[in-house]
Amino acid sequence: MNLSKRVSVYLIVTLISKGVGFLLLPLYTKHLSPADYGVLAIIDMIGLYFGVFVSGGMNTALVRFYEKDNIKNNSAVFTAITLMVLGLFVVVYCLSLIASYFVKISEINTSYILIALIYIGFDTVNSVYIKQMVVDKNERMFFTIGMVRLFIAVPLNIYFIAYLEMGVTGFLYANAISSICIWLLFSLPYLLKNFVLEEKLFFKKIITYSLPFIPNGLLETLFSSISILMLTYFMDAEAVGLFAIAVKLASILLLTSSPIQNVWIPHMFSIKDEETKNKQYSDGFRLILIVLFSVSALLIAFSGVLFYFLIDAKFAESLVILPILLLANSIYMLRGTARIGLAISDDVKKIPIITLMSILISLPFYVVLTVNYGALGVAIGQLILSLVLVGMLLFYSNKHVKITINYMSIIMPIIALIFLPMYFEISVGFELYNPIGIITGFFILIYFSGALTKDDKLKLRSMLKRD
């Protein structure tokens with residue numbers, strides 16, 4: 001199977017999984033309260049940290065020590081990593097069980113966390129097998145696993161949440177059962193079939209390679225979960241739930257950014273020795289940002305329609321948070337381009353330091369905004385954090401390359417996406433006047449504000465005439 005077909009399989013599985021997730025939103029928001037949804041978001045956050053300690057850099061080690069056509073070595077690597085991840089899962093789970101007697105999270109029943117850690121742990125173990133399928137280029141099995149997981153989890157979610165009205169417990173049971181089924185049907189048989197146990201030095205080599213990934217993983221997890229942490233500490237589960245629904249809808253932006261990044265990131269490295277690389281980096285940065293802002297404008301404009309079809313009315317407050325989150329995500333998705341100078345130089349170790357610095361700089365704003373404005377304040381804090389991170393990455397990256405920024409391409413879209421939804425009031429319902437007004441106003445402002453260069457306008461005109 002060639003590269004394009006392989007990418008297509010992964011993309012199809014991702015789209016189906018995300019699509020089913022969105023189709024289940026009416027079920028979740030009807031049968032779960034904002035507080036219930038907040039509890040699930042907090043559990044997911046805890047699971048992120050649990051996963052870092054359980055897996056570390058093991059999946060990366062699977063790729064690092066893979067040897068083409070060396071079946072014995074590859075089986076030994078898979079066996080060692082799977083056993084270590086299983087062992088860490090048991091150890092960390094037992095420590096969590098002990099800690100549950102001493103540490104309580106006021107918004108969450110301890111049993112919820114312990115059930116959740118079971119499915120998160122099995123998901124982490126299963127991820128080793130799934131990674132092995134990717135390394136082996138076994139797209140058929142990758143597709144099969146994804147579909148089987150959906151065929152088990154979706155009916156269970158419907159049965160437990162809608163029919164039995166089990167709420168949060170039903171969601172956790174459905175995921176735990178489906179994760180264990182994947183382990184029993186696929187991961188465990190593959191482990192038994194390919195079991196090759198090497199000496200202790202082999203395990204030590206993998207552990208030595210993997211351990212440094214844990215601090216980096218924790219830092220990335222802190223960056224991605226800081227908003228939920230803030231709301232959990234300063235507010236209640238209901239505020240977390242409202243924010244989490246907005247995050248779910250904002251994640252639609254990934255469907256645009258992921259294909260772009262999959263093509264653009266390798267291209268950036270391929271042109272690193274060309275004389276025109278600085279102009280290409282600058283143009284790419286600006287055009288990707290405009291594309292992401294344009295998609296955000298469409299999502300903001302039709303957010304009332306999305307809510308009408310997907311989200312229960314009790315989550316309507318999330319509508320106010322969505323525009324800010326889309327802006328924050330659009331900025332954050334530029335980090336790959338912003339750090340290209342560091343990535344192709346010897347300063348790559350500065351990236352986690354810059355990430356930590358951006359968190360520390362943004363933290364006071366986060367705290368003040370969260371205390372005063374709740375979920376909306378956290379969204380604004382996330383926007384500030386994204387701006388600080390990308391700005392710092394650009395500053396240090398420009399010591400090695402020169403990415404010229406057209407600040408109008410950043411400032412004007414932000415102004416448009418914040419104030420246009422205020423002027424054309426967005427409400428939950430199936431109406432088109434206000435969405436069309438927002439989209440028209442956004443593109444007129446972008447066209448005449450200087451966000452597009454003369455070359456961009458000429459290309460746009462020629463494309464329109466050609467069409």
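Just the heavy atoms: all of them, side chains too, but no hydrogens, waters or symmetry mates, feed the values below. Computed from a predicted model, the values in this text were never measured in an experiment.
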Short side-chain to backbone donor-acceptor contact, [X] and [Y], under 3.5 Å:
X	Y	answer
Asn74	Glu67	yes
Ser358	Leu389	no
Lys350	Ser397	no
Ser179	Ala176	no
Ser282	Thr404	yes
Asp36	Ser33	yes
Ser210	Ile207	no
Lys30	Ile311	no
Asp136	Asn138	no

Exercise. Can the ring centres of Phe315 and Phe307 be said to be less than 6.0 Å apart?
Worked result: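 So the answer is no for these two rings.
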For this session: Go through the steps for Val240 and Met235 under the test side-chain contact (heavy atoms from CB on, under 4.5 Å), then give the verdict.
Result: CA-CA 8 Å; Val240 178; Met235 306 299 289; 5.9 Å; no
Exercise. Parallel, tilted or perpendicular: which describes the rings of Phe223 and Tyr332, with under 30° parallel and over 60° perpendicular?
Worked result: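 The arrangement is parallel - the two ring planes meet at less than 30°.
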For this session: Quick one: sort the Phe171 and Tyr28 rings into parallel, tilted or perpendicular, breaks at 30° and 60°.
Result: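 It falls in the perpendicular class, over 60°.
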For this session: Report the C-alpha distance between Leu48 and Ser224 in whole Å, list the side-chain angles of each, state the deciding distance to 0.1 Å, and finish with yes or no for side-chain contact (heavy atoms from CB on, under 4.5 Å).
Result: CA-CA 9 Å; Leu48 290 175; Ser224 62; 4.3 Å; yes
For this session: Check whether NZ of the Lys or CZ of the Arg Lys402 lies under 6.0 Å from the centre of the six-membered ring of Tyr281 and within 45 degrees of that ring's axis.
Result: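 Lys402 over Tyr281 ring: no.
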Problem set entry | Modelled atom types, side-chain donor and acceptor of Tyr233 and Thr370, under 3.5 Å |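 The answer is no; no qualifying pair exists.
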For this session: Using distance alone, with no hydrogens and no angle criterion, decide if Ser178 and Arg149 have a side-chain donor and acceptor under 3.5 Å apart.
Result: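 There is such a pair between these side chains.
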Exercise. What distance do Leu242 atom CG and Lys314 atom NZ have between them, rounded to the nearest 0.5 Å?
Worked result: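 Result: 11.0 Å between the selected atoms.
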Exercise. Any chance CZ of Phe234 has more than 12 other-residue heavy atoms, nucleotides or ligands included, within less than 6.0 Å?
Worked result: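 Yes.
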For this session: Check Leu292, Leu387, Ile414 against Leu327 for a side chain to side chain contact (heavy atoms under 4.5 Å, CB included) and give me the one that passes.
Result: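 Of Leu292, Leu387, Ile414, side chain to side chain contact (heavy atoms under 4.5 Å, CB included) with Leu327 is met by Ile414 alone.
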